[in-house]
Novice: 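Before I ask anything, let me first share the structure, which is written out below as structure tokens.
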Amino acid sequence: MSERVLVTSALPYANGPIHFGHIVGAYLPADVYVRFRRMLGDDVHYVCGTDEHGVAITLKAEQAGQSYESYVDHWHAVIRDSLARLGIEFDCFTGTAHHRNPYHRELAQQFFLDLQANGYLAERTEEQFYSERSQRFLPDRYVEGTCYHCGHEKARGDECPSCGRFLDARRLKDPRSTIDGSVPVLKATTHWYLDLARARDEWLRAWFESKGADWKPNVRNFVLGDLDELRERAITRDLPWGVPVPAPGSDGKVLYVWFDAPIGYLSISRQYWEARGEPARFEEFWKSADTKLFHFIGKDNITFHAVVFPAMLRGTGAGWILPENVPANEFFNLEGRKFNTSSGWFVPAESVADDPTDALRYALCTMMPETADSEWTWEEYRSRVNDDLADNLGNFATRTLRFVERFFDAAIPALGELTPADRELFDTAEAARDELVGHLHAFRFRQACRALTALGNACNRYYDQAEPWLKVKDDAQRPRAAQVMRVCAEMIGSIAVLSAPVMPATSATLLRALGHVGAPPRFDAIGAAAAQTGRLLPVGAVVGAPLTAAFPKFTDDQGREKSALFLKIAEERVKKELERLRTRADHPVATAPATSAAPAAAIEPLAPGIEFDAFAAVDMRAGTIVAADRHPRADRLLVLSVDLGFETRTICAGVAAAYTPDELIGRRVIAVANLAARKLRGIESCGMLLATDDAEGKPRFLAPDPATPNGARVS
RNA sequence: GGGCCCUUAGCUCAAUCGGUCAGAGCAGCCGUCUCAUACACGGUGGGUUGCAGGUUCGAGUCCUGCAGGGCCUACCA
């Protein structure tokens, strides 16, 4: 009873590189699951691609002076290569941009029209800021002006950073575009909104409460909380890049990126089946009620895939299926901190360039953030590779095959009568198989790995207890040694089968070592009955197998050439990687990953140019902090007394995350001394201290040269 | 300040509805073996489950307070 299974991994945004956090959250588990279901004989279709629209991409491409197409092409290629490096194999990996996927535009527009026809869209015309200079409408957060509540001069269009109130951008005084610095004008524009509350009340809540009942608890709880706070969401924007809105008079409008992105799952799939000349398969997967659809995502995407996208799919009335499960993962950290590519806190490709893909895949699976946040540590990586792969599984294969080479002319002996011990080991293998299958069905990848290594333990125990190295030297007992080797060879086959989803290359290497030919064996090749009917290896002797010749070579301490399934990671390697990581984090800009065609992701865009007069108007002075206290009503603020030579004044600074009050006493700082005073949660701040953010995003003060007296002006 | 979550052996993590759940792996210690990358196998110490109370016949598992950590949010001129 094979099933039709449809799997998607979150579409990575074509605006920067991806790192282990993304891989372990949405791509590796999906890839493992897909390989697993294929081994079960299911009809599996696995879809992914890059998400290539949206404001962020538009702005970045413009800053880089590139066309939108070539900008997303660059990141599409970078991301595709990163995924390929980890052995992630999709049926199709294209994207949502029109030049890459001609089906996307039409399908996204059809979604819009269907939802509109079914009454899920509301249309409203409102005035919004427009930049004549850039010929574009400005999203609220790219407009800045004076707050109409508190008079703050640099309020953002969506909310005021000073008084904290949400703003109506149109009422800002002295508005400016933060993109091009021009003065925007108000212009009427029409937008469409998706009525999520209606979908929720009509059917979505009921659907989720039944369907989501056995989803991972972290996913279910999150969604249940979110269902109560659904608001309608705008699904269109004024932007030059994206899917054009299919409505009269909507020139210059596109579908909001969040709306068109998930439709990419469908359009990419359609593109694939069209190209293969089997267009009917597209709807077979996406519209058959018995297809099981799984969205693999990170936890930041839960609401979207469990609520919004289902609402869109069913809202069309077009018969699209809804997800069977959304096995979202939590977040993945690196050595105790969040991954942050731009500040150097990541695992660079060159650090793992020489490591086998399977070692990385296995280690990442054992660390997967299935129910809670988890982390990559180099020490843990070393332990997983050395303890589990090299010493347990790898060494079991090596000791068996080397033994066969030395004492049986490299011919795996024929299978004879099974002793109770033999039979018990076969049963253990079958039990391991059942466990692994159960775990993978339930998305428990860590436990699936555990089932595999547990079988390795059992195999090593069997080997030790059978003592073939003694029996092989005694003619009377030599047949028993032969049988033990045969059983161990069968176990290597079992390990190969169970490894296949997580470690496909290793699985193939092991099978080649055994001389296995033909299609890769499936789960039913495990167990005594399968062995006795020759499911995995011919019942008679197996001659001429490559044995350890198929394994990677290395040179041991004595300079002898040897082979092993997995090479070990030295302790020095861990130290070196930790050092490199810290060095990178201390000098993030200099060593940020080379992105040739595009600017480094996290460097803030340069502000619009100014004349000298504008700079000269800012009066900055050297000073010394003479007193420091926490702000009574703001966690992030410190209240500082700064000696500026001519006077000592009170300045509030948002540096509580980086400094304690005590350590700041006596610290030299540079202050903007002629800035208008402002009350910050009750305390007047007279000026501003200069700071830049460190690698962790914490503010760090700039200091004048020690020779500079307090009060000296910056020029 | 408001909201949400977390804190289990040195380390990384398990324990469905409160009832042999106080566990596993690694590290440590002792021992055995030599086929194998000194690999493996056997044995073993180790936790008043952050702290203090409470509910219950019975609580890592529920409630309250405290300490520490994280996320969202306000305060970063």
Side-chain angles (χ1 to χ4, degrees), chain A residues 152-154 159 161-165 217-218 221-222 225 299-300 330-331 333 336 338 366-367 370-375 377 379-380 382-384 386-388 390-392 394-407 444 446-447 449-450 453-454 456-473 481 484-485 488 548 551-552 554-558 560 562-568 618 631-638 651-658 671-672 674-691 693 698-699:
Chain A
H152 177 65
E153 290 175 3
K154 286 185 76 176
E159 63 178 64
S162 180
C163 65
R165 277 176 275 211
N218 53 326
N221 292 337
F222 193 85
K299 74 172 163 188
D300 50 331
E330 301 287 299
F331 286 152
N333 297 313
K338 284 185 198 172
T366 65
M367 305 173 190
E370 288 165 8
T371 58
D373 291 358
S374 64
E375 63 177 329
T377 67
E379 187 52 46
E380 180 71 10
R382 186 175 93 94
S383 172
R384 293 282 67 79
N386 291 3
D387 298 341
D388 296 354
D391 291 346
N392 182 353
N395 188 238
F396 172 69
T398 310
R399 71 193 297 202
T400 299
L401 298 177
R402 284 281 300 139
F403 194 100
V404 172
E405 286 171 344
R406 276 183 61 180
F407 300 106
R444 291 187 299 252
R446 302 172 81 133
Q447 298 225 58
C449 290
R450 198 69 66 92
T453 49
N457 288 136
C459 292
N460 277 312
R461 198 177 311 127
Y462 167 86
Y463 197 120
D464 280 6
Q465 285 168 359
E467 300 183 316
W469 59 89
L470 299 181
K471 297 188 167 85
V472 76
K473 288 163 187 161
V484 168
M485 282 305 113
C488 286
T548 57
F551 290 178
F554 74 101
T555 307
D556 75 0
D557 297 340
Q558 271 91 57
R560 290 172 301 193
K562 294 194 170 179
S563 40
L565 190 57
F566 284 99
L567 305 186
K568 289 205 202 181
V618 182
H631 188 121
R633 291 176 51 223
D635 296 349
R636 250 152 116 170
L637 294 178
L638 295 183
I651 297 179
C652 297
V655 295
V672 177
N674 64 337
L675 193 65
R678 160 163 312 296
K679 265 195 179 175
L680 288 176
R681 289 190 82 83
I683 294 182
E684 181 146 281
S685 177
C686 308
M688 166 176 180
L689 299 181
L690 265 44
D693 285 353
K698 291 181 178 172

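All values below were derived from every heavy atom in this structure, side-chain atoms included, with hydrogens, water molecules and symmetry-related copies excluded. Naming: A, B, ... by sequence-line order, numbering from 1 per chain.
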Novice: Would you classify A/Lys568 as touching base, sugar-phosphate or nothing, given that sugar-phosphate means primed atoms plus P, OP1 and OP2, and contacts are heavy atoms under 4.0 Å?
Specialist: base
Novice: Please give the distance between the P atoms of B/rG3 and B/rU64 as a whole number of Å.
Specialist: 12 Å
Novice: Have a look at A/Leu567 and say if it touches a base, only the backbone sugar-phosphate, or nothing, with a 4.0 Å heavy-atom cut-off.
Specialist: base
Novice: How long is the straight-line distance from CZ of A/Arg444 back to CZ of A/Arg450, given to the nearest 0.5 Å?
Specialist: 13.0 Å
Novice: How long is the gap from CG on A/Leu401 to CG on A/Leu565, to the nearest 0.5 Å?
Specialist: 9.5 Å
Novice: Does B/rG65 have a Watson-Crick or wobble partner in any strand here, with both distances under 3.5 angstrom, and which is it?
Specialist: B/rC51
Novice: Strictly under 3.5 Å: I want the nitrogen or oxygen pairs between protein and nucleotides 7-15 of chain B, one per line.
Specialist:
{"residue": "B/rA14", "atom": "OP1", "partner": "A/Thr371", "partner atom": "OG1", "Å": "3.3"}

Novice: Ignoring hydrogens and angles, tell me if any N or O in the side chain of A/Thr453 forms a donor-acceptor pair with the backbone of A/Gly456 under 3.5 Å.
Specialist: no
Novice: Can you tell me how far P of B/rC35 sits from CG of A/Leu470, to the nearest Å?
Specialist: 8 Å
Novice: So, taking the atom named CG in A/Asn392 and the one named CG in A/Asn386, what distance separates them when rounded to the nearest 0.5 Å?
Specialist: 12.0 Å
Novice: Between C1' on B/rA24 and CG on A/Asp388, what's the gap in Å once rounded to a whole number?
Specialist: 12 Å
Novice: Kindly compute the distance separating OG1 (A/Thr548) from CZ (A/Arg399), expressed to the nearest 0.5 Å.
Specialist: 15.0 Å
Novice: Which is it for B/rG60, anti or syn, if anything within 90° of zero counts as syn?
Specialist: syn
Novice: Base, sugar-phosphate, or nothing: which does A/Gly687 touch, judged by heavy atoms less than 4.0 Å apart?
Specialist: sugar-phosphate
Novice: Hunt down the Watson-Crick or G-U wobble partner of B/rC33, both distances under 3.5 Å, from any strand shown, or write none.
Specialist: none
Novice: Please tell me which of A/Asn386 and A/Thr400 maps to the more 5' nucleotide of RNA chain B, matching each residue to the nucleotide holding its nearest heavy atom.
Specialist: A/Thr400
Novice: With respect to the side chain of A/Arg384, which nucleotide from B/rU34, B/rC39, B/rG25 is positioned closest?
Specialist: B/rG25
Novice: Quick one: does any side-chain atom of A/Thr400 pair with a main-chain N or O of A/Phe396 as donor and acceptor, under 3.5 Å?
Specialist: yes
Novice: Tell me the interatomic distance from A/Trp469, atom CH2, to B/rA40, atom C1', rounded to whole angstroms.
Specialist: 8 Å
Novice: If I take atom OH in residue A/Tyr462 and atom C1' in nucleotide B/rC33, what distance separates them, rounded to the nearest angstrom?
Specialist: 18 Å
Novice: Using every non-hydrogen atom in the two residues, find where A/Thr398 and A/Ala564 come nearest and quote the distance to one decimal.
Specialist: OG1-CA, 4.2 Å
Novice: Give me the distance, rounded to whole Å, that separates B/rA52 from B/rU7 when you measure between the C1' atoms they each carry.
Specialist: 16 Å
Novice: I'd like the P distance from B/rC4 over to B/rA40, given in whole Å.
Specialist: 48 Å
Novice: What integer number of Å spans the C1' atoms of B/rC29 and B/rC21?
Specialist: 26 Å
Novice: For B/rA9, which nucleotide is its Watson-Crick or G-U wobble mate, given both distances must be under 3.5 Å?
Specialist: none
Novice: Is there aromatic stacking of A/Phe403 against B/rC35, centre distance under 5.5 Å, plane angle under 30°?
Specialist: no
Novice: Using side-chain heavy atoms (C-beta onward) and a distance below 4.5 Å, is A/Leu567 in contact with A/Phe551?
Specialist: no
Novice: Check every strand shown and say whether A/Lys473 touches a base, only sugar-phosphate, or nothing at a heavy-atom separation below 4.0 Å.
Specialist: sugar-phosphate
Novice: Return the nucleotide paired to B/rG1: Watson-Crick means purine N1 to pyrimidine N3 with N6-O4 or O6-N4, wobble means G-U with N1-O2 and O6-N3, both under 3.5 Å.
Specialist: B/rU73
Novice: Using heavy-atom distances to pick each residue's nearest nucleotide on RNA chain B, tell me which of A/Arg560 and A/Arg399 is more 5'.
Specialist: A/Arg399
Novice: Can you see whether A/Glu330 engages A/Ser374 through a side-chain donor-acceptor pair at a distance of less than 3.5 angstrom?
Specialist: no
Novice: Remember a base hit wins even if backbone is also touched, and classify A/Tyr463 as base, sugar-phosphate or nothing at under 4.0 Å, heavy atoms.
Specialist: base
Novice: Send over the distance from A/Met485 CE to B/rA36 C1', rounded to a whole Å.
Specialist: 10 Å
Novice: Could you go through nucleotides 41-45 of chain B and list every protein N or O atom that sits under 3.5 Å from one of its N or O atoms, giving the distance for each pair?
Specialist:
{"residue": "B/rC41", "atom": "OP1", "partner": "A/Asn457", "partner atom": "ND2", "Å": "3.3"}
{"residue": "B/rC41", "atom": "O4'", "partner": "A/Asp464", "partner atom": "OD2", "Å": "2.4"}
{"residue": "B/rG42", "atom": "OP1", "partner": "A/Arg461", "partner atom": "NE", "Å": "2.8"}

Novice: Now, which nucleotide makes the Watson-Crick or G-U wobble pair with B/rU20, with each of the two distances under 3.5 Å?
Specialist: none
Novice: Quickly work out the A/Lys562 NZ to B/rA36 P distance and round it to whole Å.
Specialist: 7 Å
Novice: Between A/Lys568 and A/Ala390, is there a donor-acceptor pair closer than 3.5 Å when you use the side chain of the first and the backbone of the second?
Specialist: no
Novice: In whole Å, what separates the C1' atom of B/rU61 from that of B/rA14?
Specialist: 14 Å
Novice: Rounded to whole angstrom, note down the C1' distance from B/rG50 over to B/rG60.
Specialist: 12 Å
Novice: Rounded off to whole Å, could you give me the CE-to-C1' distance for the A/Met367 and B/rG25 pair?
Specialist: 13 Å
Novice: Does A/Glu467 form a salt bridge (Lys or Arg N to Asp or Glu O under 4.0 Å) with A/Lys471? I'd like the steps, not just the answer.
Specialist: CA-CA 7 Å; A/Glu467 300 183 316; A/Lys471 297 188 167 85; 5.0 Å; no
Novice: Does any part of the side chain of A/Arg406, heavy atoms only, come nearer than 4.5 Å to the side chain of A/Val472, both counted from C-beta?
Specialist: no
Novice: In this structure, how many angstroms lie between the C1' atom of B/rA36 and the CZ atom of A/Phe396, rounded?
Specialist: 11 Å
